[in-house]
J.: 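Have a look at this one before I ask anything.
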Amino acid sequence: IDIRDPNPAYWSRGEIRTQGVLEARLGSNHYLDLPNRLALANNRLYVTGVNNYLTVFDVEGDRLTRLTTMANSGDYQQILTNPVAMATAPNQQRLYVATADRGLGILDISRNRDGNPPVMGFLPSSVAPAPVVNPELNRITDIAVDNQYAYLTATAQGGRNNALVVVSVADPANPVRLLPTQGHDGNSIFLEHPANVVMQGNTAYVVSTLSNALEIIRVNVSNTSAVV
């Protein structure tokens, strides 16, 4: 999209033009069916879709070239089953893919740039084919990351585990869930169906749909999380 005169005070004078549309299919290769999330790092565009795939494009100016498409099989079985959120680390070396009910996957995007990025680690939720250890990671809705931690909002079925979950990713092969900030429990208005999170320093800003609220959470890793 080409945006001309984007000054908000004169938006009506602006011009938005579509530079091009990438076709959703190439023969039988459905590499853009029902896309739902984007991430960009090092001139690579990553696209996930509700049909359980990850497509990687090379970005050169306004030209996109598809490099590879991965489906939810083999090493990507858990990571690409119902992906709902995605983010890249500030150093642009890792891609984080969160799924609705499987957990958090970490991919290495610093090498094999024209092929499938290797899986670095995976933190399962309680409903993944793994021990029931991370109920707060059920129904992840969003993710924000820095080079040491991932911050996920999630709303488990029934609303009992609405939470902001902090995960240590210092060792990407062994991500560790820290204690979450529990929210709505039937008596609290906080974190009732958290939908989106952004981070600035150690402060998380979370919008929660059923709380009708923007909530501010100060994250102290040594003391897990605390609402301010």
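These values consider heavy atoms only, across backbone and side chains, with no hydrogens, waters or symmetry-generated copies.
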J.: Is it the case that Asn196 and Thr141 place a side-chain donor and acceptor less than 3.5 Å from each other?
T.: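 Side-chain D/A pair, Asn196 to Thr141: absent.
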
J.: Going by atom types alone, do Thr68 and Asn116 pair a side-chain donor with an acceptor below 3.5 Å?
T.: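 The answer is yes; a qualifying pair exists.
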
J.: Are the side chain of Asn162 and the backbone N or O of Thr155 linked by a donor-acceptor pair below 3.5 Å?
T.: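 No: the side chain of Asn162 does not pair with the backbone of Thr155.
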
J.: Checking side-chain contact (heavy atoms from CB on, under 4.5 Å) for the pair Thr203/Ile216: CA distance, chi angles, key distance, verdict?
T.: CA-CA 7 Å; Thr203 302; Ile216 304 170; 3.6 Å; yes

J.: According to a 4.5 Å side-chain heavy-atom criterion applied to Ile, Leu, Val, Met, Phe, Trp and Tyr, with indirect links allowed, do Val50 and Val47 form part of one hydrophobic cluster?
T.: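 Shared cluster, no.
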
J.: Roughly how far, to the nearest 0.5 Å, is the CG atom of Leu178 from the OH atom of Tyr151?
T.: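 If I round to the nearest 0.5 Å, the distance is 9.5 Å.
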
J.: Counting C-beta onward and ignoring hydrogens, is there a side-chain heavy-atom pair between Val169 and Arg94 closer than 4.5 Å?
T.: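 A side-chain contact exists here, since the closest heavy-atom pair is under 4.5 Å.
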
J.: Apply side chain to side chain donor-acceptor pair (under 3.5 Å) to the pair Glu215 and Ser208, showing each step before the final yes or no.
T.: CA-CA 8 Å; Glu215 291 139 5; Ser208 296; 2.8 Å; yes

J.: Taking the side chain as everything from C-beta on, heavy atoms only, tell me whether Met70 gets closer than 4.5 Å to Pro117.
T.: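 Contact flag for Met70/Pro117 side chains = yes.
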
J.: Please examine the side chains of Ile106 and Pro172, heavy atoms only from C-beta on, and report whether any two atoms are closer than 4.5 Å.
T.: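 Pro172 vs Ile106: side chains touch.
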
J.: Report yes if some heavy atom in the side chain of Asn52 is under 4.5 Å from a heavy atom in the side chain of Pro83; otherwise report no.
T.: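 Asn52 vs Pro83: side chains touch.
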
J.: Carefully, step by step, assess Thr209 and Glu192 under the rule side-chain contact (heavy atoms from CB on, under 4.5 Å).
T.: CA-CA 7 Å; Thr209 305; Glu192 187 174 5; over 6 Å; no

J.: Counting C-beta onward and ignoring hydrogens, is there a side-chain heavy-atom pair between Leu38 and Leu45 closer than 4.5 Å?
T.: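 Leu38 vs Leu45: side chains touch.
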
J.: Looking only at non-hydrogen atoms, find the nearest pair between Val97 and Leu80 and report the distance.
T.: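 So the minimum-distance heavy-atom pair works out to CG1-CD2, 4.5 Å.
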
J.: So, applying side chain to side chain contact (heavy atoms under 4.5 Å, CB included) with Asp142, which one of Leu164, Thr153, Val206, Val84 is it?
T.: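 Passing option: Thr153.
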
J.: Does the pair Val219 and Tyr149 meet the rule for a side-chain contact (heavy atoms from CB on, under 4.5 Å), with working shown?
T.: CA-CA 11 Å; Val219 179; Tyr149 302 100; over 6 Å; no

J.: Taking the side chain as everything from C-beta on, heavy atoms only, tell me whether Val207 gets closer than 4.5 Å to Pro194.
T.: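 Val207 vs Pro194: side chains apart.
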
J.: For Ala41 versus Ile109, what's the shortest heavy-atom pair and its separation?
T.: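 Minimum heavy-atom separation between Ala41 and Ile109: CB-CD1, 3.9 Å.
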
J.: Under the criterion side chain to side chain contact (heavy atoms under 4.5 Å, CB included), which of Leu152, Ile79, Ile143, Leu107 is the partner of Tyr96?
T.: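 Among the candidates, only Ile143 passes.
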
J.: For the residue pair Ala173 and Pro175, what are the closest heavy atoms and their distance?
T.: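 Heavy atoms of Ala173 and Pro175 come nearest at C-CD, 3.6 Å.
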
J.: Run the side chain to side chain donor-acceptor pair (under 3.5 Å) test against Thr88 and tell me which residues pass, sequence neighbours left out.
T.: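 For Thr88, no residue satisfies side chain to side chain donor-acceptor pair (under 3.5 Å) once neighbours in sequence are set aside.
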
J.: So do Leu123 and Arg177 actually touch side chain to side chain, heavy atoms under 4.5 Å?
T.: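 Counting from C-beta outward, Arg177 and Leu123 do come under 4.5 Å.
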
J.: I need the minimum non-hydrogen distance between Ala150 and Val145, along with the two atoms involved.
T.: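 Nearest heavy atoms, Ala150 then Val145: CB-CG1, 3.9 Å.
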
J.: Report the C-alpha separation of Tyr76 and Leu54 in whole Å, then their side-chain angles, then the decisive distance to 0.1 Å, and conclude whether the side-chain contact (heavy atoms from CB on, under 4.5 Å) test is met.
T.: CA-CA 9 Å; Tyr76 305 97; Leu54 171 65; 5.9 Å; no

J.: Are Leu34 and Tyr46 co-members of a hydrophobic cluster defined by side-chain heavy atoms under 4.5 Å apart?
T.: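 No, Tyr46 does not connect to Leu34 through the hydrophobic network.
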
J.: My understanding is that only residues two or more places apart in sequence, or in another chain, count here; which of them pass salt bridge (charged side-chain N to carboxylate O under 4.0 Å, His left out) with Arg44?
T.: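 Per chain and number, Arg44 pairs via salt bridge (charged side-chain N to carboxylate O under 4.0 Å, His left out) with Asp58, Asp114.
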
J.: Is there a donor-acceptor pair closer than 3.5 Å between any side-chain N or O of Gln93 and the backbone N or O of Asn91?
T.: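 Here the side-chain-to-backbone pair exists.
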
J.: Tell me, do Gln78 and Thr99 make a side-chain contact under 4.5 Å, heavy atoms counted?
T.: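 A side-chain contact under 4.5 Å is absent here.
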
